[in-house]
Protein chains: 2
Amino acid sequence: MSDRPAQGLRERKKAKTRALIQREALRLFREQGYAATTVEQIAEAAEVAPSTVFRYFPTKEDLVLVDQFPPFVEALRAAPRELNPVQAVRVTMRQVLDAQTPEERADSVEREKLMLTVPELWAASLDNIRGVMATVRDELAAREGRDPGDPEIRNVTGAIMGVMWALWFDWAKDPSMEVVEAFDQALAHLDAGLPISRGDQSPG
Amino acid sequence: MSDRPAQGLRERKKAKTRALIQREALRLFREQGYAATTVEQIAEAAEVAPSTVFRYFPTKEDLVLVDQFPPFVEALRAAPRELNPVQAVRVTMRQVLDAQTPEERADSVEREKLMLTVPELWAASLDNIRGVMATVRDELAAREGRDPGDPEIRNVTGAIMGVMWALWFDWAKDPSMEVVEAFDQALAHLDAGLPISRGDQSPG
DNA sequence: TCCATTTTGAGAGTCTACTCTCATAATTAT
DNA sequence: ATAATTATGAGAGTAGACTCTCAAAATGGA
């Protein structure tokens, strides 16, 4: 097993082809919808053979799916111990979002919107969603010194994810929304116990 | 006139056929998985032609999907005004679940598990999920005299749904769980502001 | 340059959800 | 009983994701 030097022309070309296919796919999805776009069209747009598309992306769904959460989880792990779960997620979220370049963010936006909009993709991300949820829960459990199966931890995790999803859904409908700020405020609200500001009728 | 049902033989037979097809489908899905079950197999099991299956259920997914939420929303609307959003949902949830017969509950359980487990179905229920979320949010907004677009209402709705989903996911893995009780406790926990019982480190 | 390895295109082929048509059978009305 | 309506079965057909094979082309190493 000799280790290769740097990336040769071959590797670079592959990466380029892969990126090209994906870019064209996303463009077509955006322009004419996911279901209405055939793999053949994507191949044509990227000027490769349909079989080549499948060589790079085992399924059509994979053209959209990207695990964007590993960095998040890593950052969460590094969050200050003195923060409670919600605060930790809040800080981490802001940090991760702030670190993105405008281009990266635009790209994420595009993908997220497709995910939240197209049933097939929402489906394909089921595992992803479950995985993220499980990972966040495990991490929060560890931070709090609790068992990962602890209902309280599960509830907190669920509430955090739920607040974020609700925001995502809203934002998919109104992309002009200031996501970073909105995320922060939403998590702050959750951290404060979700008070309804004016008419507090019955305290917890 | 005899107390024969208002429907003629034709209608009754149709209902029966429909139920039979669906029952066999669910059985096969449970036994060998959703994707691994072809419509042809379902037709064979129900002793009808494949085309007949499609006559009753436009798509394979429709064999599983049922809107179970209208009754929930209706009940939510009727919940006492003095309850806060979380309490209202909690009471409603308990009420709806308690009202189910064991058979109904077993049936729901089966469907829910499929929904949470099978990507295609999770996908098909996207609209449903979004709809439920929107409806619950609108209802909560109305209860609180707030605009449906209010972020605070969105957050509360998201947290409620998130807590419930988290529970569902856990329960899909461990069906022995006492769902009704667990739901109640989870919402109670949320209502209390999601405290982590032992080590409260830093209040909001 | 020459050879070995890898990538690609072309295209035939599979699988399965789903559609359509039409003849036959079952049900209902008269 | 007979005619009209409706449901069903049989089966051919479509679409599109995905697989497989093989020869040609591109690339890397010598």
Side-chain angles (χ1 to χ4, degrees), chain A residues 1-22 24-26 28-29 31-65 114 118-125, chain B residues 1-2 4-22 24-26 28-29 32-65 114 118-125:
Chain A
M1 324 220 164
S2 61
D3 53 355
R4 296 281 176 78
Q7 286 191 338
L9 177 55
R10 221 166 231 165
E11 315 284 324
R12 272 177 289 153
K13 242 191 171 171
K14 270 176 80 173
K16 216 165 149 184
T17 304
R18 192 191 149 87
L20 174 64
I21 293 173
Q22 196 169 39
E24 290 301 313
L26 287 174
L28 287 171
F29 292 163
E31 287 175 7
Q32 39 176 273
Y34 178 83
T37 302
T38 71
V39 173
E40 204 170 343
Q41 289 175 327
I42 297 169
E44 198 176 344
E47 295 182 306
V48 297
S51 52
T52 300
V53 175
F54 284 111
R55 248 192 287 268
Y56 283 96
F57 302 91
T59 74
K60 187 181 172 186
E61 290 152 0
D62 286 311
L63 284 159
V64 182
L65 301 179
L114 278 171
V118 180
E120 286 99 318
L121 300 177
W122 171 251
S125 61
Chain B
M1 349 203 122
S2 58
R4 184 178 80 200
Q7 297 172 336
L9 177 55
R10 219 165 233 166
E11 313 287 322
R12 272 177 289 151
K13 245 193 170 170
K14 270 175 79 172
K16 217 166 149 185
T17 304
R18 192 190 149 88
L20 173 64
I21 292 173
Q22 195 168 39
E24 291 301 314
L26 287 175
L28 288 170
F29 292 162
Q32 39 176 273
Y34 178 82
T37 302
T38 70
V39 174
E40 203 170 345
Q41 289 175 329
I42 297 169
E44 198 177 343
E47 295 181 307
V48 296
S51 52
T52 300
V53 174
F54 284 111
R55 248 191 286 269
Y56 283 96
F57 302 91
T59 75
K60 187 181 171 186
E61 289 152 0
D62 287 312
L63 284 159
V64 182
L65 301 179
L114 278 172
V118 180
E120 286 99 319
L121 301 178
W122 172 249
S125 61

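Naming: A, B, ... by sequence-line order, numbering from 1 per chain.
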Tell me the closest heavy-atom pair linking B:Y56 and B:R18, and the distance in Å.
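Scanning both residues, the minimum pair turns out to be O-NH1, 3.4 Å.
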
Can you name the closest pair of heavy atoms from A:L28 and A:T37 and give their distance?
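Result for this residue pair: O-OG1, 3.5 Å.
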
Of all the nucleotides listed ([options]), which has the minimum atom distance to the side chain of [X]?
{"X": "B:V39", "options": "D:dG9, C:dC18, C:dA17", "result": "C:dA17"}
{"X": "B:A49", "options": "C:dA10, D:dG9, D:dA17", "result": "D:dG9"}
{"X": "A:T38", "options": "D:dA17, D:dG9, C:dA17", "result": "D:dA17"}
{"X": "A:T17", "options": "C:dT8, D:dC18, C:dG9", "result": "C:dT8"}
{"X": "A:T52", "options": "D:dC18, C:dA17, C:dT8", "result": "C:dT8"}

Please determine whether a side-chain nitrogen or oxygen atom of [X] lies at a distance below 4.0 Å from atom OP1 or OP2 of [N].
{"X": "A:Y56", "N": "C:dT7", "value": "no"}
{"X": "A:K60", "N": "D:dC18", "value": "no"}
{"X": "A:K13", "N": "D:dA26", "value": "no"}

Nearest whole Å is fine: how far is [N] [atom2] from [X] [atom1]?
{"X": "B:I21", "N": "D:dG9", "atom1": "CD1", "atom2": "P", "answer": "8 Å"}
{"X": "A:F57", "N": "D:dT19", "atom1": "CZ", "atom2": "P", "answer": "15 Å"}
{"X": "A:R18", "N": "C:dT6", "atom1": "CZ", "atom2": "C1'", "answer": "18 Å"}
{"X": "A:K14", "N": "D:dG28", "atom1": "NZ", "atom2": "P", "answer": "12 Å"}
{"X": "A:Y34", "N": "D:dA17", "atom1": "OH", "atom2": "C1'", "answer": "10 Å"}
{"X": "B:E40", "N": "D:dG9", "atom1": "CD", "atom2": "C1'", "answer": "13 Å"}
{"X": "A:E11", "N": "C:dT6", "atom1": "CD", "atom2": "C1'", "answer": "10 Å"}
{"X": "A:R12", "N": "C:dT6", "atom1": "CZ", "atom2": "P", "answer": "18 Å"}

Comparing B:A35 and A:R55 on DNA chain C - which has the more 5′ nearest nucleotide
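The residue closer to the strand's 5' end, by nearest nucleotide, is A:R55.
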
To the nearest 0.5 angstrom, please state how far the CG atom of B:L114 sits from the CZ atom of B:F29.
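Answer for the CG-CZ pair, B:L114 versus B:F29, is 7.5 Å.
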
Has the side chain of B:R10 got a donor or acceptor that lies under 3.5 Å from a partner of the other kind on the base of D:dT5?
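Between D:dT5 and B:R10, which were checked side chain against base, a qualifying N/O pair under 3.5 Å is present.
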
Using modelled atom types and a 3.5 Å cut-off, is there a donor and acceptor pairing between side-chain atoms of A:Q22 and backbone atoms of A:A19?
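No: the side chain of A:Q22 does not pair with the backbone of A:A19.
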
Does A:Q41 reach a base, just sugar-phosphate, or nothing at all? Heavy atoms under 4.0 Å.
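Nothing, no heavy atom under 4.0 Å.
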
Answer with base, sugar-phosphate or nothing: what part of the nucleic acid does B:E61 contact at a heavy-atom distance below 4.0 Å?
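The answer is nothing, as B:E61 stays clear of every strand by at least 4.0 Å.
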
If you count every heavy atom of other residues, nucleotides or ligands that lies below 6.0 Å from B:E44 atom CD, does the total exceed 12?
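Counting neighbours around CD of B:E44, 12 or fewer heavy atoms of other residues, nucleotides or ligands fall under 6.0 Å, so no.
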
